[in-house]
2 protein chains.
Amino acid sequence: MENIDQFYPQLSGITPEAKADLGKAIKTFTAKKGQFLLKKGTVCQHLYFINQGLCKTFFLKGDKPFIMRFFTEDAIFTVLDSFVNQLPSTYSIYALEPTTYTCLSSAALLSLCQKHHCIETFYRKLVSNASINMMKRISELLEDNASERYADFVKEHRELLQRISLGDLASYLGITQVSLSRLRAAR
Amino acid sequence: MENIDQFYPQLSGITPEAKADLGKAIKTFTAKKGQFLLKKGTVCQHLYFINQGLCKTFFLKGDKPFIMRFFTEDAIFTVLDSFVNQLPSTYSIYALEPTTYTCLSSAALLSLCQKHHCIETFYRKLVSNASINMMKRISELLEDNASERYADFVKEHRELLQRISLGDLASYLGITQVSLSRLRAAR
DNA sequence: CGTGTTTTTTTTCAAATGATAAAAAATCAC
DNA sequence: GTGATTTTTTATCATTTGAAAAAAAACACG
């Protein structure tokens, strides 16, 4: 049984029984830099919690990569469409740094949800927050040009800048790394 | 008490008691074309279900509008960040056609969630689907240029094309309507 | 330290999109 | 139906971004 407290600093209102059951259901792993936590084409079976490290979720269009999001310490995430619908994922999850992560399977989560209302509430809040983050990302993609999106990212995630490559940042912003290099030079 | 059946063709697994309580909590309204269901700066207090009509959620950058999404018959939606965090919305909801819609307040939903586990499950699934839709939208904004996004929209929402103006579609795609007119002419 | 690899920058040219203005077409109000 | 208003198209020019290739810099590691 894992130390459950690490898994939910963001959780509140979990009953002791639910906490105990959750602790039995989770398992911790490590990935080296460059390893895949999930490969596209396979079903995303887990909710992931990052204890330590940095990952990206990304997909390819042809050979051009696009990054959906970066996840770092204390983030809880999954590839939602694959996870919910149990369909092969079009996204991969990739460790950009040596990463320690804790997993909760879809099956376990659903059964915990049925047994403990408070877990369902946790899951609902988790997905709500994911949605809110995505709304913000959509707004930025719509209203800002690449240069503004870069400035925004620097402002909001300055600490991440040191940890990700220019190429990965470009893939996140939806531009080529050459364009990003040009943007960066322009100031 | 409203006819609840219209409100949840998408729901399954709702108990009769929950259904009855839900029926007591909802209320139906109409909006004329051009009316606001929600004005930016006010807190989004409701979950909306569209019985009939067409709405857009949008925001302004300066005087340039951007459309987050269109909602039509049987859609259930809200402005999630405002709704969840009870903060003033940066988005407005606007009726593009005469619209009949049914509302469920945030307070009522939360209390229904506490009372009926199945309502919390419904809410969780609702937000999950919203998230999945947004993931898809982010992917499209990242990987496709305006011309591909337009072609995608035509393919996926041909029925909507007749109901929305070129300007609104451009605001949804994140380009100017002059650009969209040019794209359309190019084929 | 040196060499091979990866990442970032620079350059040039082409294509896509924005801004502005104006014309044309469609729609609306009465 | 007619004039006013709104929507869509067309045109021109400026800016942004992409594509490709090459140079420079940073990094990995024997």
Side-chain angles (χ1 to χ4, degrees), chain A residues 32-36 54 56 58-67 70 94-98 138-154 157-158 160-187, chain B residues 32-36 54 56 58-67 70 94-98 138-154 157-158 160-187:
Chain A
K32 294 183 190 158
K33 175 175 171 172
Q35 280 188 338
F36 286 84
L54 174 64
K56 63 177 175 183
F58 76 99
F59 64 97
L60 298 175
K61 180 188 189 180
D63 56 353
K64 226 170 138 185
F66 295 92
I67 292 178
F70 298 104
Y94 177 95
L96 294 169
E97 295 177 0
I138 292 171
S139 295
E140 285 170 359
L141 285 168
L142 283 176
E143 71 182 322
D144 295 340
N145 61 21
S147 143
E148 293 171 308
R149 295 206 299 279
Y150 172 66
D152 265 19
F153 188 91
V154 170
H157 306 285
R158 185 175 302 281
L160 262 187
L161 268 191
Q162 328 301 331
R163 297 169 73 179
I164 62 182
S165 73
L166 185 81
D168 275 334
L169 180 49
S171 299
Y172 177 84
L173 297 175
I175 58 177
T176 64
Q177 79 221 66
V178 174
S179 290
L180 180 52
S181 177
R182 180 163 38 198
L183 283 180
R184 196 178 250 177
R187 40 189 74 225
Chain B
K32 293 181 190 158
K33 175 174 173 173
Q35 280 188 338
F36 286 84
L54 174 64
K56 64 177 175 182
F58 75 100
F59 63 98
L60 298 175
K61 181 189 188 180
D63 55 354
K64 227 171 138 186
F66 294 92
I67 292 178
F70 299 104
Y94 178 95
L96 293 169
E97 295 176 0
I138 293 169
S139 296
E140 285 170 0
L141 285 168
L142 283 176
E143 71 182 322
D144 295 340
N145 60 24
S147 141
E148 292 171 309
R149 296 206 299 280
Y150 172 66
D152 265 19
F153 189 92
V154 171
H157 306 285
R158 184 175 303 280
L160 262 187
L161 268 191
Q162 329 301 331
R163 297 169 71 179
I164 62 183
S165 73
L166 186 82
D168 275 336
L169 180 50
S171 299
Y172 177 85
L173 297 174
I175 58 178
T176 64
Q177 78 221 67
V178 174
S179 289
L180 180 51
S181 178
R182 179 162 42 195
L183 282 181
R184 195 178 249 178
R187 43 188 71 225

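Remember, it's a predicted structure, so these values are computed and weren't measured experimentally. Throughout, protein chains are lettered first and strands after them, A, B, ... in sequence-line order, and every chain is numbered starting at 1.
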Round to a whole Å and report the spacing from [atom1] of [X] to [atom2] of [N].
{"X": "B:Leu169", "N": "D:dT9", "atom1": "CG", "atom2": "C1'", "answer": "15 Å"}
{"X": "A:Leu161", "N": "C:dT8", "atom1": "CG", "atom2": "P", "answer": "12 Å"}
{"X": "A:Lys33", "N": "C:dT6", "atom1": "NZ", "atom2": "P", "answer": "12 Å"}
{"X": "A:Leu166", "N": "D:dA25", "atom1": "CG", "atom2": "P", "answer": "16 Å"}

query = Where the side chain of A:Arg182 is concerned, which of C:dT12, D:dT8, C:dC28 is the nearest nucleotide?
reply =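 Shortest atom-to-atom distance from the side chain points to C:dT12.
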It should be established whether [X] places a side-chain nitrogen or oxygen under 4.0 Å from OP1 or OP2 of nucleotide [N].
{"X": "B:Ser179", "N": "C:dG18", "value": "yes"}
{"X": "B:Thr176", "N": "C:dG18", "value": "yes"}
{"X": "A:Ser181", "N": "C:dT8", "value": "no"}
{"X": "B:Lys64", "N": "C:dA19", "value": "yes"}

ask   = Does B:Lys61 reach the main-chain N or O of A:Glu143 with its side chain, forming a donor-acceptor pair under 3.5 Å?
value = yes
ask   = Backbone N or O of B:Gln177 within a donor-acceptor pair of the B:Ser181 side chain at under 3.5 Å?
value = no
task = Hey, can you tell me if B:Phe36 and B:Tyr94 have their rings parallel, tilted or perpendicular (30° and 60° cut-offs)?
result =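 Judged by the thresholds at 30° and 60°, the geometry between B:Phe36 and B:Tyr94 is perpendicular.
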inquiry  = Can you tell me how far apart CG (B:Leu160) and CZ (B:Arg163) are? Round to the nearest 0.5 Å.
reply    = 6.5 Å
inquiry  = Between A:Gln177 and B:Ile175, which residue's closest nucleotide on DNA chain C lies nearer the 5′ terminus?
reply    =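 So the residue in question is A:Gln177.
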query = Does A:Val178 or B:Val178 map to a spot on DNA chain D nearer the 5' end, using the closest nucleotide for each?
reply = B:Val178
